[in-house]
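See below for the structure under consideration.
The chains referred to below are lettered A, B, ... by the order of the sequence lines, with proteins before strands, and numbering in each begins at 1.
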Amino acid sequence: MHNIAISARDLRKDFNRMPVFSGVSFDLGRGETLAVSGRNGSGKSTLLKIVASLLSPTSGTVSMIADGSPVPGRFMFRHIGMVAPYLQVYEEFTALENLSIIDRIRGGSHTAADYERLLSMVSLGKRKHDHVRTFSSGMKQRLKYALAWMERPALLLLDEPRTNLDAEGIAMMLTLFEDQRREGMVIIATNEQEDVDICASRISLGYDGAAKGGGS
Amino acid sequence: MHNIAISARDLRKDFNRMPVFSGVSFDLGRGETLAVSGRNGSGKSTLLKIVASLLSPTSGTVSMIADGSPVPGRFMFRHIGMVAPYLQVYEEFTALENLSIIDRIRGGSHTAADYERLLSMVSLGKRKHDHVRTFSSGMKQRLKYALAWMERPALLLLDEPRTNLDAEGIAMMLTLFEDQRREGMVIIATNEQEDVDICASRISLGYDGAAKGGGS
Amino acid sequence: MSGRGFIGITAAVFRKDTSSELRTRYALNALFLFTVTTLSIILFSFQSATVPTQVHAGLLWVLIFFAAMSGLSRAFITEEDRGTILLLKLSTISTPVFYGKLLFNVLLLLALTTVLTVLYALVVPGFAVEGLWTLCTALFLGTVGLASASTIIGALIAKANARGTLYPVLSFPIVLPLLLTVIRATTTAMENPSWGAASGEYRVLLSYIVVINAASYLVFDFIWKD
Amino acid sequence: MSGRGFIGITAAVFRKDTSSELRTRYALNALFLFTVTTLSIILFSFQSATVPTQVHAGLLWVLIFFAAMSGLSRAFITEEDRGTILLLKLSTISTPVFYGKLLFNVLLLLALTTVLTVLYALVVPGFAVEGLWTLCTALFLGTVGLASASTIIGALIAKANARGTLYPVLSFPIVLPLLLTVIRATTTAMENPSWGAASGEYRVLLSYIVVINAASYLVFDFIWKD
Amino acid sequence: MKVFQIILGLWLTAVIVCAYVFPIVPEITGWYQYPVIPGLEEKARILFFHVPLAWTSVVGFLVSVFFAVRYLRAKKLDDDIRSSSAAGLGLLFCALTTLTGAIWAKFSWGSFWNWDPRETSIFVLLLIYGAYFALRSSIQEDEKRATLAAVYAIIAGVTMPFLMFVMPRIIESLHPDPIINTKGKVSMNSTMLVVFLSSLAGFTGLFFWIYSLKVRLARLESGRSTEGA
Ligand code: HEM
Ligand SMILES: Nc1ncnc2c1ncn2[C@@H]1O[C@H](COP(=O)(O)OP(=O)(O)OP(=O)(O)O)[C@@H](O)[C@H]1O
Ligand SMILES: Nc1ncnc2c1ncn2[C@@H]1O[C@H](COP(=O)(O)OP(=O)(O)OP(=O)(O)O)[C@@H](O)[C@H]1O
Ligand SMILES: [Mg+2]
Ligand SMILES: [Mg+2]
C-alpha cells in the first residue's frame with residue numbers, strides 16, 4: 001500500500017442551485033480517521049461521493065498525494081474502497097463471481113484463494129456459490145465489505161457502516177476498521193454516535209449548509 | 001381501527017429445499033408487540049414477508065381475525081403496514097405524489113391535508129414537492145414510514161426500523177411505535193438490542209433453523 | 001372487493017403508470033416523434049419504390065408491433081427491477097394491477113396506432129383505403145389484442161429476469177395468429193369497401209382477445225403471489 | 001492505464017455483460033420475439049407479391065434497426081436502474097466500460113444480423129443476392145456503425161426517463177445517413193456481382209464508424225461522471 | 001440595442017420591398033431588374049426568404065452545438081441556456097423553412113413534399129431538434145439535463161455532415177441547381193445578389209436579436225441573471 005494523503009479544499013455542492021453544503025475542508029493522512037455526521041439530508045453521502053469522485057463538486061477541490069506525487073482525479077478510485085447503501089452488487093451473479101468480476105474490471109490479479117479468504121472473512125464462505133439475489137440484506141452488506149477490502153485501498157469510505165449488520169457483523173466491521181486505520185485512512189458518514197467516537201476527527205454537516213468543525 | 005388478532009402456526013420456509021426456519025408460531029393481539037431477532041440470514045425478513053403474505057410459507061399458516069371473523073389471505077394486506085429496506089417507493093414521483101398514488105391504489109380516501117400532516121410528521125414537509133430520486137437514504141426511509149402509517153394499519157411490520165435514520169428520525173420512529181402499540185400490533189425484525197427491548201415478546205431465529213423462544 | 005372500489009383502483013394504477021410515462025408536458029411530443037420516426041424509417045428505406053397493398057398492411061403492422069414492443073416490457077419490468085412491486089402487493093390484489101397496466105398498454109398502443117396509421121396514409125404513396133370502417137375495426141381489435149398479449153408477456157419477462165425461465169420464449173408465438181389475422185383484415189380493408197368483407201377476421205380477433213385475457217387473468221395471479 | 005490492462009479490463013466488462021445476458025436473457029428474449037414475429041409478418045404479407053430489390057434491402061435494414069432498438073438499450077440502463085453503475089465507477093475509468101459494452105452490443109447485433117439475413121434470404125421469395133461479399137461487407141460495416149450509435153445513445157437514455165419511446169427518437173436521425181448508405185450498398189449487392197461496385201458506400205460507412213466512435217470516446221466521459 | 005432593433009426593422013422592410021417590387025425581365029435594362037433564372041422564373045423571389053430561413057435554421061443548430069461544447073468544457077449553466085435557446089429558435093426557423101418550402105413546392109413541383117435532398121436534410125434537422133427537446137424534457141435535474149442535452153447536440157452535430165454528403169448522392173434533386181455554389185458560378189445579377197445577401201444578413205440579424213431576448217428571458221426564468229451578451 002502506498003503512502004497516501006488526501007485533502008479537500010472548500011468543497012461546495014449545489015443541487016438545482018440549492019446549496020447542500022459549502023466550505024468543507026479537511027486533510028487526511030495515513031493512520032487518520034474522519035467521521036462525517038449530520039442529520040438526514042445534511043449531505044454526508046454527497047460529500048463521500050464527491051471524495052470518491054462519483055460526483056463533481058460545484059466548487060472546491062479534492063486532491064490526493066501518493067508517494068509525493070499527485071493522483072489525477074480520474075485515477076483516484078484505485079486507492080479508494082467504498083461501502084454504501086446506494087452501492088449495489090450484481091444480483092444475478094454469485095458472491096464469488098462478484099469478487100472475480102470486479103477484480104478483473106479493476107485490473108487486479110487475485111487468486112480464487114484470495115476470494116475465498118475474503119468471503120470467509122465476512123463469513124459468507126458457506127454461501128459463496130449462491131446468487132446474491134437470494135442474499136439477505138446483511139449478507140449483501142458483508143459482500144460489499146469484501147469488495148471494498150479486496151484491493152486493500154489506502155482510503156476506505158464507509159457510509160452508514162452498521163446498516164443491516166448483526167452483532168457479529170459489526171465486530172467484523174470494527175476489526176476491519178482497526179486494520180485499515182493502521183496503514184490507511186477511513187472516512188465514515190454516519191448517524192450513530194458510536195461511529196463518531198471511534199474516529200479521531202469529525203466534521204458535522206447541516207445547519208444552514210455550512211460545515212461545522214474541521215479536519216484533523 | 002378494527003379489533004384484530006393475528007396468529008402464526010408452525011411456520012416453515014425452505015428455499016430450494018434448504019430450510020431457513022421451521023416451527024415458528026406466535027399469537028399477537030391488540031396492544032401486543034413482538035421482536036424477531038437473529039443473526040444475518042436467519043430468516044427475519046423472510047418471516048415478516050410471510051406474515052405480510054408477500055411470500056407463501058412452505059408449511060404452516062398465518063391467520064388473521066378481524067372483529068371475530070377470519071380475514072382471507074389475499075385481503076390481509078388491508079390491515080398491514082410495512083417498512084423494510086427491500087420495499088421501494090416510486091423515485092420518479094414526489095413525496096406527495098407517492099402518498100396520493102398509493103392511497104388511491106389502496107382504495108383509500110385521504111385528503112391532501114392528511115398527506116401534508118403525514119409528511120410533516122416524518123418532517124419531510126419542506127421537501128414534499130421534490131422527486132424521491134433526489135432524496136437521501138434517511139428521507140426515503142421516512143417516506144416509507146409515512147406510507148405505512150397512512151392507513152393506520154392494525155399490524156405494523158418494521159424490518160430494521162432504525163436503518164438510515166438520524167437521532168431525530170429514531171425519536172419519530174419510537175413515538176410512532178408507542179402510538180401503534182396502544183391500538184394495534186407491531187412486529188419488529190431487528191439486529192439491535194434496543195429494538196428487542198422495547199417489545200413485549202420476542203422470537204429469535206437461526207441456530208440450526210429452528211425458532212427459539214415463543215410468542216406472547 | 002366492491003365493484004366500485006375495483007374500478008377505482010384499476011383507474012388509480014392506470015393513472016400512476018400514465019403519469020410515470022408522461023412525466024413531463026413534452027412526453028406526448030416524444031410519443032408523436034416516436035411514430036414520426038418509425039414511419040420515416042419506412043419512407044427513407046423505400047424512397048420512391050412502389051409496393052403492393054398487402055405489403056403495406058404488413059409494414060404498418062410491423063411498425064405497430066415495434067411500438068408495442070418498446071412500450072410493453074417496461075410496465076412490469078420496472079416494478080420488478082426497482083422493487084416497487086412489493087409496495088403494490090402491500091396495497092392491493094393482483095387483478096386491478098393487471099387491468100390497470102393492461103388499460104395503460106391498450107390506450108398507449110391505440111394512440112400510437114391511430115397517429116401511425118393516419119400519418120402512414122398521408123405520406124406513403126399507394127396506401128389507399130377502400131373500406132374505412134373495416135380498417136378502423138381491424139386496427140381497434142388488432143391493437144387491443146396485441147396490447148393484451150404484450151402485457152402478459154411483459155409480466156412473464158419480468159419474472160424471467162428474476163429466474164431465467166423459458167416462459168417468455170414459449171409465449172412468443174401467441175402473438176403471431178393475431179398479427180396474421182389482422183394483417184389479412186387490413187389488406188381486405190384496402191381492397192374491399194364493404195365492412196362485412198372481413199367479418200371472419202373480426203370473429204377470430206374477438207375470440208383471440210377473449211381467450212388471451214381469460215388466460216392472462218389466471219396466469220397473472222400465479223405470477224403475482226410468490 | 002497500461003495498454004494491456006486496458007484491453008484486459010474491456011474484456012472483463014464484456015465478459016461480465018455476456019454472462020449476465022446469458023443468465024437473464026433479457027435482450028435475447030426481446031430479439032428472438034422480434035425476429036420471429038416480424039419475419040413471419042413479412043413472409044406472410046409478401047406471399048405472392050413481387051417487390052423491387054431496393055424494397056427488400058430497405059426492409060431488411062428496417063428490421064435490423066428495430067431489432068437494435070429493442071435489444072441494445074439494456075447495456076447501460078440496467079446498470080443505472082440497479083445502482084451497479086457506481087460499483088463500476090469505483091472500479092475503473094469510463095473508456096473500457098464503454099468499449100466493453102460497445103463490443104457486447106456489436107457482437108449481439110452482428111449475431112442478430114446474420115440470423116436475420118440468413119432467415120430472410122431463406123424464407124422471403126425474391127431476395128436474391130448477386131454479390132455475396134458486397135453483402136457481407138455492407139452488413140458488417142452497417143451493423144458495427146449501427147451498434148456504435150445505439151451504444152452511445154443507450155448511455156444517454158440510461159440517464160433519462162420515458163426511455164421506451166425516446167430511444168428510437170434519439171437514434172434515428174443519428175443513424176439515418178448510415179441506414180441510407182448501407183441500404184444502397186445492399187441494393188447494389190443484390191444487383192451487381194462485383195465487390196468494388198459499392199466501394200463508395202464502404203468508404204462512407206467506414207468514415208461514419210470512425211467519426212461516431214471518436215465522438216463517443218470524447219463525450220462518454222461526460223455522461224460517465226455526474 | 002434600441003438602435004440595432006430600428007436598423008434591423010428598416011433593413012428587413014427594404015429587403016421585402018426590393019424582393020417583391022423589382023420586376024423579373026428577360027434581359028436587364030436597369031439596375032432594379034432581376035434576370036430570369038431557368039426553372040424558377042417569378043418563383044425566384046422565394047430565394048429572398050426561403051433560403052435565408054433555411055440558412056438561419058442551420059446557423060441555430062451550429063450555435064447550439066458551439067455552446068454545448070462550451071458547457072461541457074466549463075460546466076457553466078449559462079452556456080446550457082444559450083445552447084437550448086439557440087436550438088429553440090433553430091427549431092422555429094426550421095419549421096418555417098419547411099412550411100414556406102412546402103407551400104412553394106406545391107406550386108412549382110406539384111406536391112407539398114417530394115423527398116428532395118434538401119427537403120430531406122431539413123426534415124432530419126427537424127427530427128434532431130425534436131429529439132433534442134424530447135430528451136431535455138425527460139430530465140429534471142438541471143446539471144444532468146444540461147450535460148446530456150449537450151452530449152446529444154454534439155453527437156448529432158458530428159453526423160450532420162454525413163447527411164449533407166449522403167443525401168445528394170442518393171436522391172436526385174428537384175431543387176434548381178445551386179444558384180450560389182462552390183464553383184462561384186452565380187446566375188444572379190448584382191442587384192439580385194445584393195438583395196439576396198442583404199436578406200441573408202437581415203435574417204441572421206433577426207435570429208441573433210430574438211436569440212439574445214430568449215437568452216435573457218431564460219436566465220430570468222432560471223431565477224438567476226448573469227452579466228454578458
Ligand atoms: C418542402 C419544400 C422545401 C424545403 C424543405 C426546402 C429547403 C431548402 C433548403 C434546406 C435549402 C438550402 C439552403 C442553404 O443552403 O442554406 C434550400 C435552398 C433553395 N431552395 Fe428550397 N426547399 C423547398 C422547396 C423549394 C421550392 C419549391 C423551391 C423553388 C421552386 C426552392 C428553391 C430553392 C432555392 C432556389 C434554393 C437555393 C439553392 C442554392 O442556393 O443552392 N425550394 N431549400
Ligand atoms: N440528485 C440530486 N438532486 C437534487 N438533490 C439531491 C440529489 N441528491 C441529493 N440531493 C439532496 O442533497 C441533500 C443531501 O443528500 P445526502 O444523501 O448527501 O444526505 P445524507 O447526509 O446522506 O442523508 P442520510 O443521513 O439520510 O443519508 C438532500 O437534501 C438531498 O435531497
Ligand atoms: N429468494 C430466495 N432464494 C433462496 N434463498 C433465499 C431467498 N431469499 C432469502 N433466502 C435465504 O433465506 C435466508 C434468510 O433471509 P432473510 O432475508 O430472511 O434473512 P434476515 O434474517 O432478514 O437477515 P438480515 O438480518 O441480513 O436481514 C438467507 O440465508 C437467504 O440467503
Ligand atoms: Mg446518506
Ligand atoms: Mg432482513
For B:Ile170, which atoms come within 4.5 Å of any heavy atom of chain A: side chain, backbone, both, or neither? neither
With rounding to the nearest 0.5 Å, note down the distance linking CZ in A:Arg202 to CG in A:Leu34. 10.0 Å
CD1 (B:Ile102) and NE2 (B:His110) are apart, to the nearest 0.5 Å, by 12.0 Å
State, to 0.1 Å, how close A:Val186 and A:Leu158 come at their nearest heavy-atom pair, and which atoms those are. CG1-CD1, 4.1 Å
Against chain B, label A:Arg162 side chain, backbone, both or neither, depending on which of its atoms sit under 4.5 Å from a heavy atom there. neither
Under 4.5 Å from any heavy atom of chain A - which part of B:Arg127: neither
Out of A:Arg142, A:Met139, A:Glu168, A:Gln193, which one racks up the most heavy-atom pairs below 4.5 Å with chain B? A:Arg142
Which bit of A:Asn164 is near chain B, if near means a heavy-atom gap under 4.5 Å: side chain, backbone, both or neither? both
Can you check whether B:Asn191 reaches B:Lys44 side chain to side chain, under 4.5 Å on heavy atoms? yes
If I take atom CG from residue A:Asp166 and atom CD from residue B:Glu160, how far apart are they, to the nearest 0.5 angstrom? 10.0 Å
